[in-house]
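Because the structure is predicted, anything quoted here is derived from the model rather than measured. Counting starts at 1 for both ligands and their atoms, in listed order.
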Amino acid sequence: MSRKRVAVLISGRGSNLAALIRAAHEATYPAEISLVVSNRPEAAGLSIARAAGLATEVVDHAAFGADRPAFERALERRLNTYGVELVCLAGFMRILTADFVNQWHGRMLNIHPALLPAFKGLDTHRRALDAGVKIHGATVHFVVPETDSGPIVMQGAVAVRPDDNEATLAARVLAVEHRIYPAALKLVASGRVRVDGARCHVSDGRVPDGDFIVPHA
Ligand code: GRF
């Protein structure tokens, strides 16, 4: 089985990158991380990648000013050089143009720390707490030009506790992110995900029985 060549794009901490690296160490995992790209030279995730012996590239957006297409051409060159087949955005904090996104249609994933389509954008945990939702979580989806939209591959949920603050809720959601991103990439890389309009169909995807009702009376 040939493993899909994946680039992980980061801007910061890199904990999802670390989860993907761990998963890709498994002999039967259908993807390998061929390249890690950061748009910030100081991103902590770069050290995680280097420590794992992965190829890293910095494409510093600041060097391109407001010229997004030029930034993306530089990015694209790196992806081509490494023969990248799939792109995973993992805390990548640059908006990508529609042209770039469309070029990677069906081949670019993102992880968002909320149960989409709720809480698109930033500060998802604070907004979830403010809204009083009882269930929150994270979503892996294909990237389309509209931010935090696109066919959903996988979601994971957590119960919101009455004493949660942004940090405690974020920590539990992050633990879920670290499970679902490697799992979703596995499904996509092994060809088990078919995109049909706005929806993903997963062949042989196991769906647990039951409901997730919070709180219990
Ligand atoms: C994660 O919460 C992810 O969902 C969001 O950005 C954060 C990145 O964290 N898109 P890390 O860099 O993977 O630790």
Closest to atom 12 (O) of ligand 1 by heavy-atom distance, out of Gly91, Gly12, Gly14, is Gly14

If you scan protein heavy atoms around atom 10 (N) of ligand 1, the nearest is Ile111 O, 3.0 Å

Counting distance only, does the side-chain N/O of Ser149 pair as donor-acceptor with the main-chain N or O of Thr147 below 3.5 Å? yes

- N-O pairing of Arg161 and Asp164 below 4.0 Å: no

Original post:
How are the rings of Phe119 and His136 set relative to one another: parallel (under 30°), tilted (30 to 60°) or perpendicular (over 60°)?
Top reply: perpendicular

Legend entry - Within-cut-off N or O pair, Asn110 and ligand 1, under 3.5 Å: no

**Prompt:** So does Asp209 have more than 12 non-hydrogen atoms from other groups sitting under 6.0 Å from CG?
**Reply:** no

The closest protein heavy-atom partner of atom 3 (C) of ligand 1 is Glu177 OE1, 3.2 Å

heavy-atom search around atom 11 (P) of ligand 1 in the protein gives Ser15 N, 3.4 Å

message = Taking the basic N atoms (NZ, or NE/NH1/NH2) and the acidic carboxylate oxygens, is any pair closer than 4.0 Å for Glu57 and Arg78?
response = yes

min-distance protein heavy atom vs atom 9 (O) of ligand 1 -> Arg13 NH2, 3.1 Å

